[in-house]
2 protein chains.
Amino acid sequence: MSATHQELTRNQTLVLDTLAKADGPLSAYTILDRLRADGFRAPLQVYRALEKLLGFGLVHRLESLNAFVACAHPHCHAHGLIAFAICEDCGQVDEFSDEVVRERLGAWSSQNGFKAEKTTVEIRGHCASCLAA
Amino acid sequence: MSATHQELTRNQTLVLDTLAKADGPLSAYTILDRLRADGFRAPLQVYRALEKLLGFGLVHRLESLNAFVACAHPHCHAHGLIAFAICEDCGQVDEFSDEVVRERLGAWSSQNGFKAEKTTVEIRGHCASCLAA
DNA sequence: CTGCGCAATGTAATATCATTACATCCGTTT
DNA sequence: AAACGGATGTAATGATATTACATTGCGCAG
Ligand SMILES: [Zn+2]
Ligand SMILES: [Zn+2]
Ligand SMILES: [Zn+2]
Ligand SMILES: [Zn+2]
């Protein structure tokens, strides 16, 4: 159950490449459509690949969008807490970490006897480029 | 467009009461089922009421659950940033605010020219009670 | 080599969550 | 009364995700 991953399977590679090439988050069904030419036929093929990729930390799920993005920093394994800034106009997603936020939420958990498994931080709004336009 | 609200309509009252009586988050369709006896027949009746209640700040949406909860502090209008700790075992939700987290995410937004509209902070894990058991 | 176990895959069906489109009702304004 | 707007009722559809079961391919024990 380490954070490292061995070789990806064909389906996992196809899904990851699709996300990496995309210029924003994709829904599972959009991924499916883009992989029809590669033989994908059913949602489960996408969801199974995503499940593994999420486990490897190569892909993130955006809960407020029901969509997925390739990790922007796939080399820094085990980033503790990840935050996303999502532009509602252009769809661009900025992935960042904030140690203070992580520490504060950790402190709340400790004080309340809560054992955190996964933390979601998503900011919806408008990016600098879109505000300029 | 103020945060205050006038009288709630019948449907809004029914939906809010259902959420307030529940011991955890409810999906829109669960709310619908619980209101069949009151004449609810279609999802839209629930979604329309939720839309207003969300606007009034009387209800929150949990993005990672696709579910809704009554606000735990309905009297303090305009709470800036709200975080949720969600127990995956018992479903209990703890709603809290952290000024430091709000300030740090605000700082990131300022530095990156991002205009935040809505921020989601959700911690999934196990509550103290469930850990004890 | 053969048969076994296991992970990945293929396929269909179904469950769950959310919105669009259009008709109707009802209180307020003119 | 007629016009208007907000709330509601109803049906249909779209979008997201999971369950169930069959099949394939590969490493390895016998
Ligand atoms: Zn990442
Ligand atoms: Zn943008
Ligand atoms: Zn609240
Ligand atoms: Zn619990």
Side-chain angles (χ1 to χ4, degrees), chain A residues 1-2 4-16 18-19 22 24-56 58-69 86 88 91 118 120 122 124, chain B residues 1-2 4-16 18-19 22 24-56 58-69 86 88 91 118 120 122 124:
Chain A
M1 228 305 277
S2 82
T4 65
H5 61 277
Q6 48 279 22
E7 290 302 302
L8 297 179
T9 67
R10 167 181 154 86
N11 284 4
Q12 288 160 17
T13 302
L14 287 167
V15 168
L16 181 57
T18 301
L19 283 173
L26 299 180
S27 76
Y29 277 75
T30 301
I31 296 170
L32 173 58
D33 285 341
R34 297 194 182 182
L35 290 175
R36 298 246 181 229
D38 295 287
F40 274 48
R41 309 280 311 166
L44 200 48
Q45 296 175 283
V46 176
Y47 282 109
R48 283 203 277 230
L50 285 171
E51 183 179 23
K52 294 293 186 179
L53 294 169
L54 288 166
F56 295 150
L58 297 174
V59 161
H60 302 298
R61 175 184 172 88
L62 301 177
E63 300 287 356
S64 67
L65 248 40
N66 292 335
F68 304 85
V69 285
I86 303 165
E88 314 219 290
K118 179 169 193 316
T120 298
E122 298 178 13
R124 304 281 297 269
Chain B
M1 227 302 280
S2 83
T4 66
H5 61 276
Q6 49 277 22
E7 290 301 303
L8 297 179
T9 67
R10 168 182 153 84
N11 284 5
Q12 289 160 18
T13 302
L14 286 167
V15 168
L16 180 56
T18 301
L19 283 174
L26 299 180
S27 76
Y29 277 74
T30 301
I31 296 170
L32 173 59
D33 286 340
R34 296 193 182 182
L35 289 175
R36 298 247 181 229
D38 294 287
F40 274 48
R41 308 280 311 166
L44 199 48
Q45 295 175 284
V46 177
Y47 282 109
R48 283 202 278 230
L50 286 171
E51 183 178 23
K52 294 292 185 180
L53 294 169
L54 288 167
F56 295 151
L58 297 174
V59 161
H60 301 298
R61 175 184 171 88
L62 300 177
E63 299 288 356
S64 67
L65 247 43
N66 292 335
F68 304 85
V69 285
I86 303 165
E88 315 219 288
K118 179 169 193 316
T120 298
E122 297 178 13
R124 304 282 297 270

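The shown structure was predicted, so the numbers you read here are calculated from the model rather than taken from an experiment. Order of the sequence lines sets the chain letters (A, B, ...), proteins ahead of strands, with each chain counted from 1.
- Taking atom OH of residue Y47(A) and atom C1' of nucleotide dT11(C), one finds them 16 Å apart after rounding to whole Å.
- Counting to the nearest Å, the P atom of dG27(C) and the CD atom of E7(B) are 16 Å from each other.
- The CG-P distance, from N11(B) to dG9(D), rounds to 5 Å in whole Å.
- Using a cut-off of 4.0 Å between Lys/Arg side-chain N and Asp/Glu carboxylate O, E63(A) and R61(A) are scored as salt-bridged.
- With rounding to whole Å, D38(B) atom CG is found 15 Å from dT8(D) atom C1'.
- Atom CZ of R41(A) and atom C1' of dT23(D) are 17 Å apart (whole Å).
- At least one donor-acceptor pair under 3.5 Å links the side chain of E122(A) to the backbone N or O of S64(A).
- Both thresholds, 5.5 Å between centres and 30° between ring planes, are met by Y29(A) relative to the base of dT16(D), so the two rings are stacked.
- Computed from coordinates, the L62(A) CG to dT16(D) C1' distance equals 15 Å when rounded to whole Å.
- Computed from coordinates, the Q45(A) CD to dA17(D) P distance equals 17 Å when rounded to whole Å.
- Nearest-nucleotide mapping onto DNA chain D: of P43(B) and N66(B), the residue sitting toward the 5' end is P43(B).
- A sub-4.0 Å separation between OP1 or OP2 of dA7(D) and a side-chain N or O of K52(B) is present.
- Not a single donor-acceptor contact under 3.5 angstrom links the side-chain atoms of R48(B) to the base of dG6(D).
- Atoms CZ (F40(B)) and C1' (dT10(D)) sit 14 Å apart, rounded to a whole Å.
- Two residues are said to be in side-chain contact when any heavy atoms from C-beta on lie closer than 4.5 Å; L62(B) and V69(B) meet this criterion.
- Comparing A42(A) and L44(B) by the nucleotide of DNA chain C that holds the closest heavy atom to each, the one mapping nearer the 5' end is A42(A).
- The two residues L14(B) and T18(B) make their nearest non-hydrogen contact at O-OG1, 2.8 Å.
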